[in-house]
Protein chains: 2
Amino acid sequence: MTTPKHAQLAAVLRARIAADDFPDGRLPSESELMKEHAMSRTTVRSALKELQNEGLLRSASGVGYFVRRFEHFSYRPQDDFRAVATIQDADSFTQAAAKRNPTQQIEVGIVRAPKDVARRLRIAEGDSVVVRRRYRSLDGVPYQINVSYYPLDIVSGTDVMVPQDIVRGANQLLADHGYAQVRALDEIWFRMPKPEEARWLDIGPGIPVAEHVITGFTADDQAVRMVRVILPGDRNVITFDRVHPDHERASRP
Amino acid sequence: MTTPKHAQLAAVLRARIAADDFPDGRLPSESELMKEHAMSRTTVRSALKELQNEGLLRSASGVGYFVRRFEHFSYRPQDDFRAVATIQDADSFTQAAAKRNPTQQIEVGIVRAPKDVARRLRIAEGDSVVVRRRYRSLDGVPYQINVSYYPLDIVSGTDVMVPQDIVRGANQLLADHGYAQVRALDEIWFRMPKPEEARWLDIGPGIPVAEHVITGFTADDQAVRMVRVILPGDRNVITFDRVHPDHERASRP
DNA sequence: CAGTGGTCTAGACCACATC
DNA sequence: ATGTGGTCTAGACCACTGT
């Protein structure tokens, strides 16, 4: 009933990482750890793998192991709502990221609604929906995958279907067509990425993603928009501001 | 430039899992996979490890490998705010979970404020704060770790310092002492659990956690409460309702 | 008891980065 | 050329679970 050797080494290294004991962020090589701790390479690698899967380390083939550094960018879903017509697509991502060279790659299409989309938009599974898929980066680093779904009859013939930035912003566009959104439901899961997501977001092992699903409703309580945002955990903090329902609107910092 | 054998096996199994090809949820044993795919045990184990770290599989020593099943419980931070005096501590967890045998273990103490707490409560690092640590379960299954911090001068001598349920609810208690909260800031990170968190929440490999930090403010914009909630990703969805700031309050479903 | 996964070893070859 | 991590093998012992 003793602790396995690989777990012992993992614990030692975890403590040293927490104590910032690798100032240059570089760990000893596998062979050095083998000598220092009198273990086989397999056991050393097992310990290092464990730390990688905790998101504490990354490995570079032919180079070495390094302590992960995080920089979190604030993701504010509420900006979607506050957005007004500006020269840019004025949602949370574009607005907050103005100075960090935001780029995005847009694909637009018409597909049959999958089950989860149909349920949220309150349409039948297989009904046609317009889908806008956006892969968005900051300074060349991918920060989110954003997939929006709209019922076809609502947006057909509008700029939503053009694979370019929507100058007014998608919400303003919907409002201009008589579908102003006054309420949104946010659902957030957090899980490990699927292989395609990991590839697109350039995520290493041990880094989870959040899946943020927004459903937008009109004053008539009609669901007119569903968005699925995939966020890599090493680069995002999700932020909300809330005021008590009984309290008049407060100023926002 | 070919795909490694372990990755090939992982891809095959991943596809079979997605197609629900293991009706009883049980995978072939390691030795069966070795025969079927003509690989060494190490390679087979490497593939299975990969899928475990994606949260798709769990292993049971001496038994086998199984497909993970998820059941997500809705975590609604806004209930904290809407809470009024009831017979129970009326926050999001207790209220929503009433029928699922909620239990919690409470520890209360006075500690020196760590850096992140001090910053959010706008006090000096090392100032005394009251900390309430709650480990909360549903039907015996751990669902969250909830750690609340209060500036000592605000809550000293109140029920906050008693290691029991606060009958009125902590927010109502603060309000009764003249510190009604009207605004909250939510910050949500998602990452792999620390070993203690994994132990307490009974999390296997490949399951991330969300760290939800709430900071509560009075009408004078004084920070009176900071809460850190740790949520296991296989058992929680975070849910928010939002109404457009220009729109009168809508009814909530 | 037989079968399962967990641990550990020694050794080999490879692709890659660095100097 | 050397050193790094990535892949793969064969074999061994163990603890545990099921019958």
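Every value quoted in this text rests on a predicted model; they were computed, and no experiment measured them. Only this structure's heavy atoms are used, side chains among them; waters, hydrogens and symmetry mates stay out. Numbers restart at 1 for each chain; the letters A, B, ... are given by sequence-line order, proteins then strands.
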- Round to the nearest Å and state the distance from B:E32 atom CD to C:dT4 atom C1'. 11 Å
- Identify which one of B:D116, B:I214, B:N146 satisfies the side-chain contact (heavy atoms from CB on, under 4.5 Å) criterion when paired with B:R228. B:D116
- Under 4.0 Å between a Lys/Arg side-chain N and an Asp/Glu carboxylate O for A:D234 and B:R191? no
- Ignoring hydrogens and angles, tell me if any N or O in the side chain of B:Q78 forms a donor-acceptor pair with the backbone of B:D241 under 3.5 Å. yes
- Query: Heavy atoms under 4.0 Å, any strand shown: does A:S31 hit a base, just sugar-phosphate, or nothing?
  - Reply: sugar-phosphate
- Query: So which nucleotide from C:dG5, D:dT7, D:dT17 ends up closest to the side chain of B:V63?
  - Reply: D:dT17
- What is the distance from CE of B:M34 to P of D:dC8, rounded to the nearest Å? 14 Å
- Item | Protein-nucleotide distance (A:L57, atom CG; D:dG5, atom P), rounded to Å | 11 Å
- Item | B:R120/B:E187 salt bridge by N-O under 4.0 Å criterion | yes
- Rounded to whole angstrom units, what separation is found between the CG atom of A:L9 and the P atom of C:dC8? 11 Å
- Whole-Å distance between C:dG6 C1' and A:Q8 CD? 15 Å
- Task: Can you figure out which of D:dG6, C:dC8, C:dG5 approaches the side chain of A:E30 most closely?
- Result: D:dG6
Heteroatom pairs (N/O) under 3.5 angstrom, protein to nucleotides 10-13 of chain C:
from, atom 1, to, atom 2, distance (Å)
C:dA12, N6, A:R41, NH1, 3.2

- Phosphate contact (C:dG6 OP1 or OP2) by B:S59 side-chain N/O below 4.0 Å: yes
- Task: For D:dG3, take OP1 and OP2 only and decide whether either is under 4.0 Å from a side-chain N or O of A:S29.
- Result: no
- How about A:R14: does its CZ atom have over 12 heavy atoms from other parts shown lying under 6.0 Å from it? yes
- Are B:K49 and C:dG6 close enough that a side-chain N or O sits under 4.0 Å from OP1 or OP2? no
- Figure out the CD/C1' separation between B:Q52 and C:dG6, and round it to whole Å. 11 Å
- Message: Strictly below 4.0 Å, N to O, side chains only: are A:E125 and A:K115 in salt-bridge contact?
- Response: no
- Query: Between B:G62 and A:G62, which has a closest nucleotide on DNA chain C that is more 5'?
  - Reply: B:G62
- Rounded to whole Å, the NE2-C1' distance (B:H6 to D:dG5) equals 12 Å
- Item | For atom CZ of A:R58 and atom P of D:dT4, their distance in whole Å | 17 Å
- Quick one: is B:R45 getting a side-chain N or O under 4.0 Å of the C:dG6 phosphate, OP1 or OP2? yes
- Message: For the residue pair A:N236 / A:H72, report whether a side-chain donor-acceptor contact shorter than 3.5 Å exists.
- Response: no
